[in-house]
Student: 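Next up is a structure, given as structure tokens.
Owing to the predicted nature of the structure, the values given are computational and were not obtained by experimental measurement. One-based numbering, in listed order, for ligands and for the atoms of each.
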Amino acid sequence: MSSLSLTLSGAAREAAENQVPGLLDHEFASRLAAKDHTLWGVEAEDEASRRLGWVALFEDSRRLLPQITQLRLELATEGITRVVLAGMGGSSLAPEVICATAGVDLTVLDSTDPQHVASVIGTEIEKTVLVVSSKSGSTVETDSQRRIVQQAMTDAGIDAASRTVIVTDPGSPLAQQSAEAGVRAVFEADPTVGGRYSALTAFGLVPSGLAGADLESLLDDAEETLAILSEDDADNPGLRLGSAIGGTAPLRNKLVITDAGSPLVGLGAWIEQLIAESTGKNGTGLLPVIVADGEPELHRDADDVLVTQIIDVEAEDGASVDNDIADAVVTSHMVRTGGSLGAQFMLWEVATVVAGSLLGINPFDQPDVESAKTAARGLLDAEAPETGDSVVDGAVAIRALGSSALTGADTSTLESALKALLESVPQDGYLAVMAYLDRTGETELESLRAQLSSLSGRPVTFGWGPRFLHSTGQFHKGGPHVGAFLQLTTDSEGDVEVPERPFTLAQLISAQAAGDAQVLADHGMPVLHVHLQDRQAGVTQLVDTVESL
Ligand SMILES: O=P(O)(O)OC[C@H]1O[C@](O)(CO)[C@@H](O)[C@@H]1O
């Protein structure tokens, strides 16, 4: 039995009361369950007609389970017990949550930082199976990661093809390449399910099942929940949550999400991509802001913020919310939800497309991601990315781009530049920290988020690059241009060659960062680029400087 709870208060409750009747009149829930692609307006019809497979995927997904279990057993008899997943955004975020919640090991490789990638291929390669997940089959990060890990296997005297499992859409370049090269297994996914809605398809199930997660109950809970979410009923949690996040007036477009004692690990990062990439377009959208309990955003009441607490609905003592955490939240405009992971996946997917309908956008495309990819490709083709004039202060080089609110200020030292960036955050805006570094090796950087939130008085997001480009990146460019950006890059002692490609990882990550910074600056937003010329000294200088502000 999957349990699902949803409690709304303040503006969230008011939005549901205002919006759900209209959704019932339009029979939104039952039409969604029937794959009605007209729910999001004429402009979205074509894409929506190819993107609704996620409401009827259970039969196909269940058919995968025996194949995945069989493969896991075979690999185990060969001593292959380490699963490395190469995939970006929707191709890796769901397995990351499924495995972390199940308490099974999965190494998610969604970085192009040379230090990070070197650490992944330098560990137990002889026990490793590589899962390469890419719907399009053409994502440059994933293709590069595949080439590098397979080369490491070959260098270790291992037949890489026999240790490579592919998840992709039928006919993709990756499907073709795999057919030619010969791999251990190819799982072709349903092309009518978009990446960020693919948690319960092969993209979520294959890596997680190979890592040992229980997939039966995940699917059972999700299927049971979808039946509830398909009812044209005033208590339908999907209609209510979608109204609460997408129907507030004025729109509370910063969704502060925190875990209040739930057993689900890392669900916020998956929700972040689902909502930011689905809604952040046409100058509107919703920005998830993932915070830990007690952090600044929970102690402020702002009229453009809605707080969501993910709770443990099964709590023994009935106090489904950890009261210390709950009491720490001062706002009265809240969403509280709990339930199993399968139930939460379905709830947020339905709520996102409900919100998309209320916001008047197409929740299935990601038009602005392409602009950053194009800029990055251009820079890769260029000799050296145009870095403009930067100022060196200790171990860092500083460059201010975009809005004159920043470029016209004193950015001659790290301290003055950070102060100018904080000043440039619009009253209705946010600050985004974008760290193109090693998310397993430089975790101390994550402490910057809460400190910068205290200093700016505004919501702050933290994303590892280039991973965030497949999540909040769409919102930064396609949503309201009220962001201010702190971009962190670094040099790496050791670079990593990408076999048969005209660039190294250091060149790739540098081009991705420079391309994204340029696109954000071209949108007239302030971008402070801090390049750590010495990785560790730079991290220390940055953390110390922020602490001193
Ligand atoms: O699965 P693919 O095609 O490699 O795409 C990875 C991710 O990149 C995007 O296409 C763009 O960010 C996401 O929607 C998707 O989840």
Student: Spell out, as yes or no, whether a donor-acceptor pair under 3.5 Å connects the side chain of R252 to the backbone of D304.
Tutor: no
Student: Is any NZ, NE, NH1 or NH2 atom of the basic residue among E96 and R439 found under 4.0 Å from an Asp or Glu carboxylate oxygen of the other?
Tutor: yes
Student: Under a 4.0 Å threshold between the charged nitrogen and the carboxylate oxygen, would R62 count as salt-bridged to D220?
Tutor: yes
Student: To check you understand the geometry: which heavy-atom pair defines the closest contact between T128 and R82, and what is its length?
Tutor: OG1-NH1, 2.9 Å
Student: Which of these, Q273, E349, Q474, Q366, sits in a side-chain hydrogen bond (donor to acceptor under 3.5 Å, both in side chains) with R196?
Tutor: Q366
Student: For ligand 1, list the protein residues that place a heavy atom within a distance below 4.0 Å of one of its atoms, sorted by chain and number.
Tutor: M88, G89, G90, S91, S134, K135, S136, T139, R196, Q273, E277, Q366, V369, H470
Student: Report the relative orientation of the aromatic rings in Y197 and W54; use parallel for angles under 30°, tilted for 30 to 60°, perpendicular for over 60°.
Tutor: parallel
